[in-house]
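All remarks here apply to the structure that follows.
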Amino acid sequence: MEQIRVRFAPSPTGPLHIGGVRTALYNYLFAKKNGGTFILRIEDTDQARFVEGAEEYIMESLEWCGIKVDEGIREGGNYGPYRQSDKKEIFRQYADMLINKGDAYYAFDTPEELEGMRKDLEKAGKTFIYNAELRDKLINSLSLKENEWKEKLEKGEPYVIRYKMPRNEDIHFDDIIRGHIVVNTGTLDDKVLFKSDRMPTYHLAHIVDDHLMKISHVIRGEEWLPSLPLHIMLYRSFGWDPPLFAHLPLLLKPDGKGKLSKRDGDKMGFPVFPLFWPYGETAKGYREDGYYPEAFINMLVLLGWNPGTEQEIFSMDELINAFSIDRVGKSGSRFDPEKAKWFNHQYLQNKTNTQIAIEFRDYLRSHGYQDDIIRLEALVGLVKERVSFVKDLWEQTDFFFRAPDSYDQEVVKKRWKEDSAKLLIELRSQLENMVDFSAASTEPVIKAWIEKNGYNTGAIMNAFRLVIVGTLRGPHIYDIISWIGKDETIKRIDKGVTLLSK
RNA sequence: GGUCCAUUCGUCUAGUGGCUAGGACGUCAGGUUUUCAUCCUGGUAACAGGGGUUCGAUUCCCCUAUGGACUACCA
């Protein structure tokens with residue numbers, strides 16, 4: 001059987017969008033599932049849009065996601081170079097092959113001339129297509145006499161190389177996800193294959209590279225579907241067997257219409273990129289927002305693919321095992337930031353308290369507190385179920401580290417009664433004598449004391465929580481006082497009684 | 001405008017020529033927690049519309065509508 005080789009081929013024009021990450025992920029899963037090779041190829045044939053740092057960003061993003069590249073710029077491989085600008089001479093040779101074969105030609109029209117004609121025709125209600133109908137009226141090696149266009153070449157006039165699309169021919173092809181598609185060449189134009197800056201366009205470069213790199217399956221975004229007929233024609237002209245194609249549906253914005261863009265993220269407060277983008281107009285990333293890469297990937301993989309079972313939580317290994325391109329859907333998926341949070345919650349709950357405590361320690365430092373890891377582990381155990389992110393732990397635990405310096409006025413109004421101070425002072429004396437301050441020890445004692453005196457449990461517990469926490473929230477009160485300790489508990493009771501009895 | 005693609009609960013989706021159309025997120029209601037959150041249980045909610053084909057269509061075909069992509073010397 002043929003060796004499976006797939007590639008992810010982004011262009012370094014900015015940060016990698018999560019739609020791009022998903023494409024990379026599906027390629028990776030497909031490769032690993034089938035014992036194949038995952039290749040990262042940088043398509044930097046557009047010199048004008050090149051962005052410094054984008055290439056590094058792409059590689060770092062894949063690494064963070066746990067998508068391992070088998071062949072690429074860093075990894076090497078036998079099918080390099082893996083950066084297209086490093087092999088532009090090679091592309092030129094292939095463009096010449098097409099010219100010699102008569103399937104491509106030189107065109108000398110300037111962009112301004114073409115734009116002018118396009119506008120004129122549009123005014124007349126017609127569509128301008130550089131194709132068999134019009135190419136004779138334009139300036140190229142088909143319309144000009146041989147000596148004329150050769151002279152232009154010799155004089156060094158700028159030119160492009162265009163593909164000579166047949167006038168009227170049905171092109172049949174298959175897409176793994178979408179099935180059989182037929183397009184007539186009459187609706188297609190003579191696409192530019194080689195630009196006047198002596199770089200190939202995407203169309204030429206990726207066909208040549210995919211062939212040279214022995215790519216077996218092209219898995220890419222749906223936006224390429226309309227140009228697939230051209231690509232099929234190119235394979236035919238070169239006399240090469242095309243790879244198999246799978247065009248992935250798009251990722252849509254959470255509300256409204258259209259595909260997901262950076263603006264949506266800014267507007268609705270969620271990241272559209274895996275990592276923070278530090279150049280120019282900066283953009284936030286999932287990593288910096290506190291997402292675990294496993295959760296991010298798990299969320300992303302289910303946008304457009306499902307295993308056909310009810311399993312929702314997948315490790316990368318499980319994904320590799322379960323993945324099948326047949327189960328990729330056809331329609332675009334709307335991205336849901338709420339579900340992304342839910343996934344992170346799931347992953348956070350599955351971490352050990354130790355792991356979380358180590359991460360939490362860094363956040364604590366930024367708030368000016370520290371504690372030893374054993375105590376932090378215990379603390380994490382009390383509150384982790386309440387949060388989806390480590391960074392949210394602080395707002396669940398701030399009162400463990402500092403006594404309240406003000407009290408929730410609504411609670412005071414409702415729960416602080418005439419006899420609250422007296423009851424808390426009694427409670428204080430109960431606690432004061434206890435040696436073992438664990439919840440298991442204090443809880444029954446306090447309960448018994450309340451019962452014996454026929455006190456109202458609610459009145460005491462709410463007042464107690466108020467002076468310890470400052471408001472009515474948090475874990476079991478006995479767990480809280482155990483963690484902060486007897487001295488601190490007594491102090492907080494005293495402080496509360498003093499301040500609230502005024 | 002032209003070409004191509006798509007359409008099941010609000011969202012991600014499962015599914016079949018005959019099912020009470022299933023799950024998850026969200027939401028709502030109860031329960032647990034004398035707090036809050038979590039958690040548990042339950043509820044709400046969908047086959048875009050119209051024609052066919054068929055004994056029977058959510059499922060197959062056509063049309064319409066809606067949405068999307070592409071339509072650069074960008075990828």
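Just so it is clear: chains get the letters A, B, ... in the order the sequence lines come, proteins before strands, and each one is counted from 1. What you see is a predicted model, and the numbers here were worked out from it, not measured in a lab.
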- Sticking with atom C1', work out how far B:rU35 lies from B:rU27, rounded to a whole angstrom. 24 Å
Is there a donor-acceptor pair under 3.5 Å between the side chain of A:Glu113 and the backbone N or O of A:Thr110? yes
Of the listed B:rG23, B:rU7, B:rU71, the closest approach to the A:Lys330 side chain comes from B:rU7
Picking from B:rC74, B:rC73, B:rC5, the nucleotide nearest the side-chain atoms of A:Arg162 would be B:rC73
Separation of B:rA75 atom P from A:Met199 atom CE, nearest Å, is 9 Å
- prompt: Can we call the ring centroids of A:Tyr286 and A:Phe296 under 6.0 Å apart?
  reply: yes
Axial cation check for A:Phe108 ring with A:Lys152, 6.0 Å and 45° limits
yes
Please output the side-chain donor-acceptor pairs of residues 125-132 of chain A that fall under 3.5 Å, not counting sequence neighbours, one pair per line with the distance.
residue: A:Tyr130; atom: OH; partner: A:Asp109; partner atom: OD1; Å: 2.6
residue: A:Tyr130; atom: OH; partner: A:Asn140; partner atom: ND2; Å: 3.1
residue: A:Asn131; atom: OD1; partner: A:Glu133; partner atom: N; Å: 3.0
residue: A:Asn131; atom: OD1; partner: A:Leu134; partner atom: N; Å: 3.4

Can you tell me if A:Arg118 touches the phosphate of B:rA72, counting only side-chain N or O atoms and a distance under 4.0 Å to OP1 or OP2? yes
Strictly under 3.5 Å: I want the nitrogen or oxygen pairs between protein and nucleotides 26-30 of chain B, one per line.
none

Same-atom distance (C1') from B:rU59 to B:rG18, integer angstrom: 11 Å
_Tell me whether the side-chain N/O atoms of A:Ser333 come closer than 4.0 Å to OP1 or OP2 in B:rU13._
yes
In whole angstroms, the gap separating C1' of B:rU33 from CD1 of A:Ile477 amounts to 14 Å
Fill in: Rounded C1' spacing from B:rA37 to B:rU32 in Å
13 Å
When rounded to whole Å, the NE2 to P distance for the pair A:His247 and B:rA75 reads 16 Å
Checklist entry - Has the side chain of A:Asp210 got a donor or acceptor atom that lies under 3.5 Å from a matching backbone atom of A:Ile215? => result no
Less than 3.5 Å apart, any donor N or O on the side chain of A:Tyr163 or A:Ser237 sitting next to an acceptor on the other? yes
Discussion item. For a quick check under 3.5 Å, do A:Gln84 and A:Asp209 share a side-chain donor-acceptor pair by atom type?
Written reply: yes
Per atom distances to the A:Thr127 side chain, the nearest of B:rG1, B:rU35, B:rG23 is B:rG1
Q.
Any base atoms under 4.0 Å from A:Pro475, or only sugar-phosphate, or nothing? Heavy atoms, all strands.
A. base
key: B:rC19 and B:rU3, which share atom name P, separated by this distance in whole Å   = 40 Å
On a whole-Å scale, what distance lies between the C1' atoms belonging to B:rC47 and B:rA21? 8 Å
Got a list of protein N/O to nucleotides 40-43 of chain B N/O distances below 3.5 Å?
none

The Watson-Crick or G-U wobble partner of B:rC4, with both key distances under 3.5 Å, is B:rG68
The nucleotide from B:rA75, B:rU38, B:rC5 with an atom nearest the side chain of A:Tyr202 is B:rA75
- Query: Around atom CZ of A:Arg236, are there more than 12 heavy atoms of other residues, nucleotides or ligands at under 6.0 Å?
  - Reply: yes
When rounded to whole Å, the CG to C1' distance for the pair A:Asp190 and B:rA72 reads 15 Å
Handout entry: Cation-aromatic face contact A:Lys391/A:Phe389, 6.0 Å, 45 degrees
Key = yes
Quick note, A:Glu310 side chain, CB onward, closest among B:rG22, B:rA6, B:rU3 is B:rG22
- A:Arg92 to A:Phe194 six-membered ring, cation-pi geometry met (6.0 Å, 45°): yes
**Asked** When you compare B:rG23 with B:rC5, how far apart are their P atoms, in angstrom units rounded to a whole number?
**Response** 34 Å
- Query: Under 4.0 Å: is that the gap between some side-chain N or O of A:Thr201 and OP1 or OP2 of B:rA72?
  - Reply: no
Of A:Arg415 and A:Gly332, the one whose closest nucleotide on RNA chain B sits nearer the 5' end is A:Gly332
A:Glu55 CD to B:rA75 C1', in whole Å, measures 15 Å
Roughly how many Å apart are B:rG31 and B:rA45, using the P atom of each and rounding to a whole number? 23 Å
Paired to B:rG56 by Watson-Crick or G-U wobble criteria (both distances under 3.5 Å) is none
From NZ of A:Lys126 across to P of B:rU3 the rounded distance in Å is 17 Å
Taking only N and O in the side chain of A:Arg386, is any of them less than 4.0 Å away from OP1 or OP2 of B:rC36? no
*Indicate, with yes or no, if the rings of A:Phe401 and A:Trp483 have centres closer together than 6.0 Å.*
yes
- prompt: Within the distance-only criterion (no hydrogens, no angle test), does the side chain of A:Arg162 pair as donor or acceptor with the backbone N or O of A:Asp190 below 3.5 angstrom?
  reply: yes
A correct 5'-to-3' footprint of nucleotides 58-69 of chain B, with B, S and - meaning base, sugar-phosphate only and no protein heavy atom under 4.0 Å, is ---------SSS
message = Looking at A:Arg83 and A:Glu43, would you say the former's side chain and the latter's main chain have a donor-acceptor pair under 3.5 Å?
response = no
B:rA29 -> Watson-Crick or G-U wobble partner, both distances under 3.5 Å, gives B:rU41
Evaluate the ring planes of A:Phe270 and A:Phe335, with Trp represented by its six-membered ring, and classify them as parallel (under 30°), tilted (30 to 60°) or perpendicular (over 60°).
-> tilted
To the nearest angstrom, the CD-C1' distance between A:Glu385 and B:rC36 comes to 14 Å
*Indicate the ring-plane relationship of A:His17 and A:Phe273, choosing parallel, tilted or perpendicular according to the 30° and 60° boundaries.*
perpendicular
Residue set satisfying side-chain hydrogen bond (donor to acceptor under 3.5 Å, both in side chains) with A:Glu122, at least two apart, ordered chain then number -> none
Per nearest nucleotide of RNA chain B, the residue lying toward the 5' end, A:Tyr478 or A:Pro200, is A:Tyr478
Ranking B:rU71, B:rU35, B:rA6 by distance to the side chain of A:Arg465, first place goes to B:rU35
Distances under 3.5 Å only, N/O to N/O: pair up the protein atoms with those of nucleotides 14-17 of chain B.
residue: B:rA14; atom: OP1; partner: A:Asn306; partner atom: ND2; Å: 2.6
residue: B:rA14; atom: O3'; partner: A:Arg327; partner atom: NH2; Å: 3.3
residue: B:rG15; atom: OP1; partner: A:Arg327; partner atom: NH1; Å: 3.4
residue: B:rG15; atom: OP1; partner: A:Arg327; partner atom: NH2; Å: 3.2

With ring centroids as reference points, do A:Trp277 and A:Tyr57 lie under 6.0 angstrom apart? yes
pair_partner(B:rC73), Watson-Crick or wobble, both distances < 3.5 Å, evaluates to none
Looking only at B:rU3, B:rA6, B:rC39, the nucleotide nearest the A:His345 side chain is B:rC39
Of the candidates B:rC5, B:rC12, B:rA75, the side chain of A:Lys195 sits closest to B:rA75
More than 12 foreign heavy atoms under 6.0 Å from CD of A:Glu451: is that the case here? no
*Expressed as a whole number of Å, how far does the P atom of B:rU58 sit from that of B:rG1?*
31 Å
Picking from B:rG1, B:rC73, B:rA75, the nucleotide nearest the side-chain atoms of A:Thr45 would be B:rA75
